[in-house]
Protein chains: 2
Amino acid sequence: MHGCQYVPVFAEEGMLARTLCVSAPGKVILHGEHAVVHGKAAVAVAVNLRTFLKMTPRNDSKILVELPNIRTRLCWDTSELQPLLEAFPADQTESQPPNPEQVEKLKAFAGLNNTTATPQSLATLAFLYLYLSIASRCGFMPSADIVVWSELPTGAGLGSSAAYSVCLAGALLSGCGVIGYPLEEGQSESRWSKENLAVINSWAFRGEQVIHGNPSGVDNSVSTWGGALRYQSGKICSLKRVPTLRILLTNTRVPRSTKVLVAGVKDKMMKFPAIMEPVLTSVDAISQECETVLAAMAEHPSLEHYPVLEELMDINQHHLNVMGVGHSSLDKVCQLTASHGLHSKLTGAGGGGCAVTLLRPDTTPPVVEAAVRDLSDCGFECWETDIGAPGICAHSPQSLRAEVLKAFSGV
Amino acid sequence: MHGCQYVPVFAEEGMLARTLCVSAPGKVILHGEHAVVHGKAAVAVAVNLRTFLKMTPRNDSKILVELPNIRTRLCWDTSELQPLLEAFPADQTESQPPNPEQVEKLKAFAGLNNTTATPQSLATLAFLYLYLSIASRCGFMPSADIVVWSELPTGAGLGSSAAYSVCLAGALLSGCGVIGYPLEEGQSESRWSKENLAVINSWAFRGEQVIHGNPSGVDNSVSTWGGALRYQSGKICSLKRVPTLRILLTNTRVPRSTKVLVAGVKDKMMKFPAIMEPVLTSVDAISQECETVLAAMAEHPSLEHYPVLEELMDINQHHLNVMGVGHSSLDKVCQLTASHGLHSKLTGAGGGGCAVTLLRPDTTPPVVEAAVRDLSDCGFECWETDIGAPGICAHSPQSLRAEVLKAFSGV
């Protein structure tokens, strides 16, 4: 029965049948950041910097969670967790939004009362929430070693928390048999059915709610489904066909507060409504044009689409500067990449954070290397990667890159 | 009778009664360049870089014109010009648009057939047109030495040709008694009545038509009336009260073709109408907001208005970049001045040309000097001057600055 779809990986009595590996991508906003807060469309795409999770069976009653990126190691005996289960009713088939009482109980249990929300404490709470909810849903508490390692930096607006929640949801739901595990014997990689992806996404959203309070659901949706999606006025819509595009992702490492930046845009809208409203209208049109071009590229891949995508990025970068969410470090990224013939824009909240640079299929390695060298000289961190990447995947452990295996075994 | 209004400075028989000095300002577009081509509002202001004209009586029948800036010296005997008069009907009280036949005759006379339109040839044609039209209008051909010297660079979009036409129209119309000369004995400076300014402006527009073919009339209007005006869909409207503002004007000396830039914006509008139309709408709102702020400043001068003017300049500079009329030299001006806490935008056609930097009343000389030093190091030319300057003025020769007197006498 090994590897058949819909067969739980944990045996009925709470024993894990086999090791299970999953990965989920991060996200970047291609267009529409900030405008989306004011009811305009945004286009988010999966970026192929991934979070990897490995879940290995244990035959004691321990549950171990290792998060090497944030130097966190959690370890409990399932008997310790048992009393918490009463806050998680077992009779619900759908995932439920976390209520404050549950979160307070988890905080008290983990000794996180009165502490500030660090990545460590948030990751702990999200794990406990998902583990207990899913354990309650399926009637047993699995014992396992779980390692989660990510290529994504934390707090850079690249959806690292969503990729974490998606991996946890995918692994725990499959492990507990709530959904099947799609990897057949001998396969190196496989994906879940649409129905099961919808289940994973809804549970991952709960994890995001624990971490962010009131997330839009964009990050977990992109990480689950992959590709690209449109988000507007609370509605998320996956784009049908999306090309894979090469990008350079640059983290300026300039810290910023999304809250402060969003408030700044709102102030500017109040101060100059007649000047600012058309700018958001223009951004909305950029998102729509981008969608159209992406669809055309998926249909008929051709170099002729690239100048259009580049022009849209340039225009939007100017608009984001008009909104006041630019930063001299982001100007620097645009300038340096432009000197290599490449086009960039900030992605996400702005005011520092990350920038995305489009690479054409024919952009040669020396050009990319020269750009990366210039950017690194400014103290920025660069990744050459793809957008339009696949969402959550199941992997055979043997098929994982050495780097991932090392991260898993190095713990 | 000397110096009384409406008494011709030329005696009836064509003799100049006294030396006559006038000056007229250049212009900069504060907001709305390019958007104005698509029916949006633009705000143009008089810049206190002036063109000076001195007209000295001669008692022979010679007419001499010296244009030291463009190393041009014209000299005719009025008897040579006499045959041309038949192309300029005498029975018209209003100024008339130049017709192609007239311009062809003047070209043939000045030996400018089949030559390209150089500043020298255009200045010659505009002088001949105005001189002959006004001579025909008043019935005699004055004999005089005319020197025109300007602080304005030619071909930098600062309205140097309009300032030239305005000075010529003001001097010739006053000299021939078509309108009075406002300077009373003992006065150092004086301005014409509104009615007479309207006459000067209408004739200056004819000079501009000779030079530019189909000018908007903005440049001669600003140069005649001074202050600031709004231009939209062919309608020019002087702003009632305008403050005088300090600026730094920078000429990047990067040559560009206004025609090519205007065509580029049009292409972008056709390519991305939904993205570009809102940008022009936003520029229109910037022009309106700017007008409102200028009116408020004239009413209640206060430092609090400056951050708003600066923000409008920053936003518009981004919009102009979206339109594709920016240039790395203009980015450099913005960047360098920003490093001194100053805000700049391109003015006019863009793609090089000039930038305007706002100075606050409390911007100290060391700050301005440091900015000028940095800009000069890039090979740019800078002037510290004012906008909202007065339009055409009559001056007593004694009241002119040494630099102007030297330019007049150095010929």
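Naming: A, B, ... by sequence-line order, numbering from 1 per chain.
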* Asked: Does any non-hydrogen side-chain atom of B:Phe272 lie less than 4.5 Å from one of A:Val308?
  -> yes

* To do: For each of A:Val322, A:Asn316, A:Thr281, A:Asp284, tally heavy-atom pairs with chain B at distances under 4.5 Å, and name the one with the top tally.
  => A:Val322

* Part of B:Glu311 within contact of chain A (heavy atom distance under 4.5 Å) -> side chain

* Structure fact -> When the 4.5 angstrom heavy-atom criterion is applied to B:Asn321 and chain A, the contacting part is both

* Asked: Do A:Lys27 and A:Asp219 meet the salt-bridge criterion of a basic N to acidic O distance under 4.0 Å?
  -> yes

* **B:Glu33 and B:Lys345 ion-paired at < 4.0 Å** => yes

* Asked: With the threshold set at 4.0 Å, does a side-chain nitrogen-carboxylate oxygen contact exist between B:Glu289 and A:Lys271?
  -> no

* For A:Gln335, is it the side chain, the backbone, both or neither that has a heavy atom under 4.5 Å from a heavy atom of chain B? -> side chain

* Quick one: do the B:His327 and B:Ser329 side chains pair a donor with an acceptor below 3.5 Å? -> yes

* chain B heavy atoms under 4.5 Å from A:Leu280: which part of the residue, side chain, backbone, both or neither? -> neither

